[in-house]
Amino acid sequence: MTVRVRMAPSPTGVLHVGTARAALFNWLYARHNDGVFVVRIDDTDLERSTKEYEEEILDAITWLGLDWDEGPRVGGPHGTYRQSDRFDRYREVAHQLVESGHAYFDDRSSEELDELRQRAVAEGKNPAHYIRRPERERTEGAIRLSIPQDAPIVFDDLVRGTVSFEPEDVDDFVILRSDGTPTYHLASTVDDVDYEITHVARGEDILPSTPKHIVLTRAMSFTEPVYAHLPLLFGTDGKKLSKRHGATALSEYREAGFLPEAIFNYLANLGWSLDGETTIFTREQAIAAFDLADVSRHPATFDPEKLTWMNGEYIRAMDTARFEETVRPWIEKGLGREVTDEEWERFRHVSALVQERTRLLPEAAEITRFLFVDIDAYDPQAWEKVMTKDGVATVLDRVLEALDSVGSWDHAAIEEELRKLPEQLGMGASKVFQPVRVAVTGTSVSPPLFESMAALGREKTLERIRRARGELG
RNA sequence: GGUCCCGUCGUCCAGCGGUCUAGGACGCCGGCCUUUCAAGCCGGAAACGCGGGUUCGAAUCCCGUCGGGACUGCCA
């Protein structure tokens with residue numbers, strides 16, 4: 001039987017990294033098993049769902065590199081893959097369930113319902129306890145599914161093993177609202193049946209809803225899919241990752257300069273591992289090794305530090321041409337304008353050196369800013385630390401002299417001349433080179449000095465050193 | 001309150017009864033390299049929540065306990 005899994009985002013907000021990770025695991029499982037990865041839009045909440053969010057979510061998973069076989073944009077044998085287009089179907093199922101005795105109408109007020117829940121809690125019972133079919137038969141209102149009270153609801157979860165719920169702890173939940181719209185439980189379950197989903201891998205936060213979905217599926221005379229409840233992603237405070245932990249939207253990571261490959265790798269390693277030893281691995285390796293049964297059971301803390309390290313690993317692993325191509329928009333973004341061809345050539349002198357030093361794409365823009373704009377102000381700390389020391393003026397004078405002897409303006413020639421100075425001046429190398437760095441780049445952290453000077457060009461370099469010398473008086 | 005889930009270094013991941021004096025990675029600390037910053041290399045500190053069992057033997061199995069989390073809507 002072909003494995004069919006799905007990602008079912010609600011377009012009520014941007015794509016959360018937790019949702020992205022669940023999607024990733026589903027995708028890996030599909031690809032590992034030569035199965036089908038379905039994307040379905042769970043937009044039963046008509047109030048909050050928007051087309052914009054839907055597009056943004058689809059863009060985000062595309063960016064992550066997760067392609068889907070059926071769903072919006074690609075089509076498939078099951079219609080639009082959008083729940084808002086299937087309300088008739090859900091209503092039909094709900095009414096069939098009423099007819100078959102599995103469900104019933106309920107027009108009790110929320111006050112009445114609350115009272116029942118409070119009574120149960122007061123008696124030390126689950127609030128679900130008394131939410132049952134009322135004595136008096138109704139013919140309108142919401143439709144609730146009746147939970148048979150005769151046997152526990154047991155299932156084998158791929159990651160958690162056997163999980164069991166007592167029926168009295170599961171309330172007769174609403175499947176169709178009184179306005180005729182389906183709840184998530186109904187739509188999701190009907191779709192899983194209709195789309196022939198074989199495995200449902202989703203966040204552990206909906207584990208308590210799973211018995212409902214199982215009862216509902218069985219009431220429809222189908223067998224439920226295999227479930228796998230994935231551990232949640234936590235923020236650094238040990239709570240479910242949410243907005244208050246900073247960036248939770250995948251798009252925020254994209255905007256911060258993370259690479260999709262790095263995010264993919266990092267997310268894949270949260271709750272799963274290739275072999276216990278290997279941290280950096282390719283999509284292909286992950287596909288070859290992945291199994292939902294190997295996913296860990298405990299929640300994982302999302303660690304931006306490690307993600308950043310991993311991003312640096314991926315940046316360093318790129319070939320330089322691709323790095324240049326990738327980083328160019330970030331440089332232009334940093335400058336607020338496009339760069340000229342001439343400027344770009346300057347950058348390319350140091351691109352490989354910059355690449356090694358970049359963990360997040362915007363860092364490359366910062367560290368090379370001096371190549372694109374004139375220095376309007378020196379970094380105050382750098383100036384204080386480097387330029388206010390004795391002998392700096394002399395150093396710069398000697399540097400300017402030495403630079404006069406440089407014939408062809410390339411880093412090797414520059415280095416050859418400047419290398420002589422520390423010994424001649426009886427100073428440490430950094431005492432000589434740091435002032436030059438501050439003069440040329442405006443700060444104390446930059447790509448290697450001689451290459452930076454070569455990239456900047458003779459004229460600008462000399463001009464900047466003279467200017468800094470002038471500032472010293 | 002109830003139900004369910006979870007519990008190995010600060011963090012992520014290994015470990016599925018003996019090979020664990022518990023392994024890999026991030027981070028941290030120290031060193032080397034060095035024109036700054038990175039990178040790289042070398043070294044270090046750092047964990048089986050606790051208590052009982054079972055067993056010749058337990059991080060691994062069982063029970064309890066403590067701790068954490070999720071859910072508890074006519075949201076998803």
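To find a chain, count down the sequence lines: A is the first, B the second, and so on, and within it residues start at 1. None of the values given here were measured: they were computed from a predicted structure.
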Would you measure the distance from the [atom1] atom in [N] across to the matching atom in [M] and give it in whole Å?
N: rU11(B); M: rC28(B); atom1: C1'; result: 12 Å
N: rG7(B); M: rA59(B); atom1: C1'; result: 12 Å
N: rU54(B); M: rC63(B); atom1: P; result: 15 Å
N: rG23(B); M: rG68(B); atom1: P; result: 30 Å
N: rG53(B); M: rA58(B); atom1: P; result: 12 Å
N: rA38(B); M: rC75(B); atom1: C1'; result: 47 Å
N: rC4(B); M: rG44(B); atom1: C1'; result: 43 Å
N: rG43(B); M: rC26(B); atom1: P; result: 14 Å

When we call it a touch if two heavy atoms are under 4.0 Å apart, what does [X] touch: a base, just sugar-phosphate, or nothing?
X: Arg108(A); answer: base
X: Leu274(A); answer: nothing
X: Ser444(A); answer: base
X: Leu449(A); answer: base
X: Phe173(A); answer: nothing
X: Glu356(A); answer: base

- Query: Can you list, by residue number, the residues of residues 86-93 of chain A that have a non-hydrogen atom closer than 4.0 angstrom to RNA chain B?
  - Reply: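 By residue number: none to list.
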- Query: In residues 378-392 of chain A, which residues come under 4.0 Å of RNA chain B by heavy atom?
  - Reply: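 Result for residues 378-392 of chain A: none.
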- Item | Taking every non-hydrogen atom, the tightest pair across Thr441(A) and Ser446(A) |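 Answer, listing the atom of Thr441(A) first, then Ser446(A): CG2-CB, 3.7 Å.
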- Val350(A) versus Leu371(A), closest heavy-atom pair with distance: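 Nearest heavy atoms, Val350(A) then Leu371(A): CG2-CD1, 3.8 Å.
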- Message: Between Trp272(A) and Arg419(A), which residue's closest nucleotide on RNA chain B lies nearer the 5′ terminus?
- Response: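 Between the two, 5'-proximity favours Trp272(A).
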- Message: Should the side chain of Ser178(A) and the base of rC74(B) be counted as holding a donor-acceptor pair, with the cut-off at 3.5 Å?
- Response: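 Flag set: donor-acceptor pair detected.
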- Message: Between Trp272(A) and Phe25(A), is the ring centroid distance below 6.0 Å?
- Response: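 Ring-ring flag for Trp272(A)/Phe25(A): false, centres at least 6.0 Å apart.
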- Query: So, do Ile175(A) and Arg144(A) sit near enough that their side-chain heavy atoms are less than 4.5 Å apart?
  - Reply: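 Side chain of Ile175(A) against side chain of Arg144(A), heavy atoms only: no contact under 4.5 Å found.
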